[in-house]
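Remarks on the structure that follows.
Heads up: numbering here begins at 1 and tracks the sequence.
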Amino acid sequence: MIKLLALRAAPFKEIVYIDVDSFPLDNPEILFRDRNYRNTGSMFWPDLWRGETGIFNMFEMPEASPWYPKGDLGKWRDEVGQFFDDKAGKWDTKQLKNHPLPAQQTEAGQLVLNRERHWDVLEYLLFINMHHNITYHVENMLGDKDTFPAAFGLAGKPGDFNQV
């Protein structure tokens, strides 16, 4: 919850939040110039974990949410395995674009957010996390990572949740 309090209390209109175990390899200012960030006011990255969580059901959000498309990770792995060239040691990225990963949760350790545009999202985030004794105990909930897309949905802004 400290992260959310820091995001809410920060004196800046736009924020790049980076956990202490993350290392920027380039100047983070370039993130503010990203076209999708400018359009949505947010930028999130996918996490290793995949699958749906019960938080969307808890808030009666559509089961077919834009954040967690249904899919089988094992089947995906079998499909895309053919696009790896063992001799060259690289992927055929043109083929991979036609086979997106089936479901990715959000990595909450790095994010870019326009606080002014999404003040309401921050309020929902704070509410969800202040009630962690309830919200963090739903099926497959792994900390605050799913609270971000849920807060965008509760604020009526699912299209502004920009996961790159």
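The two residues Phe148 and Lys3 have their closest heavy-atom pair at CZ-CD, 4.4 Å. The minimum heavy-atom distance between Asp160 and Phe152, with the atom names listed, is O-CE2, 3.6 Å. Here the shortest heavy-atom pairing between Lys145 and Ala108 reads CA-CB, 4.0 Å. Counting all heavy atoms, side chain and backbone alike, Gly109 lies closest to Ser22 at O-OG, 4.1 Å. Taking every heavy atom of both residues into account, Pro24 and Pro28 meet most closely at CB-CG, 4.4 Å.
Every pair passing ring-ring contact (aromatic ring centres under 6.0 Å, His included) that includes a residue from residues 15-35 is listed here, sequence neighbours excluded: Phe32-Tyr37. A salt bridge (Lys or Arg N to Asp or Glu O under 4.0 Å) check over residues 20-44, counting only residues at least two apart or in different chains, returns nothing. Listed by first and then second residue, the salt bridge (Lys or Arg N to Asp or Glu O under 4.0 Å) pairs involving residues 118-137 are Arg8-Glu123, Asp120-Lys157 (not counting sequence neighbours).
With values rounded to the nearest 0.5 angstrom, Leu113 atom CG is found 6.0 Å from His118 atom NE2. Interatomic distance, Phe12 CZ to Leu7 CG, rounded to the nearest 0.5 Å: 12.0 Å. Once rounded to the nearest 0.5 Å, the distance linking CE of Met130 with CG of Leu5 reads 7.0 Å. To the nearest 0.5 Å, atom CZ of residue Arg117 and atom CD of residue Glu14 are 10.5 Å apart.
Checking side-chain atoms of His131 against main-chain N and O of Phe127 turns up a donor-acceptor pair under 3.5 Å. Side-chain N or O atoms of Asn162 include one that pairs as donor or acceptor with a backbone N or O of Ser42 at under 3.5 Å.
By the 4.5 Å heavy-atom criterion applied to side chains, Thr147 and His132 are not counted as neighbours. Contact check for Ile128 versus Leu154: side-chain heavy atoms found under the 4.5 Å cut-off.
Applying the side-chain contact (heavy atoms from CB on, under 4.5 Å) test to Ala88 and every residue at least two apart in sequence or in another chain returns Asp85, Lys90. In terms of the side-chain contact (heavy atoms from CB on, under 4.5 Å) criterion, His137 has no residue partners (sequence neighbours excluded). Annotation: salt bridge (Lys or Arg N to Asp or Glu O under 4.0 Å) contacts of Lys87 (sequence neighbours excluded): none.
A continuous path of Ile, Leu, Val, Met, Phe, Trp and Tyr side chains, each step under 4.5 Å between heavy atoms, connects Val112 with Ile18, placing both in one hydrophobic cluster.
Side-chain atoms of Tyr136 and Asp144 form no donor-acceptor pair, as typed in the model, at a separation below 3.5 Å.
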Task: Criterion side chain to side chain contact (heavy atoms under 4.5 Å, CB included) on Phe161 and Thr40, from CA distance to verdict - done: CA-CA 7 Å; Phe161 181 76; Thr40 63; over 6 Å; no
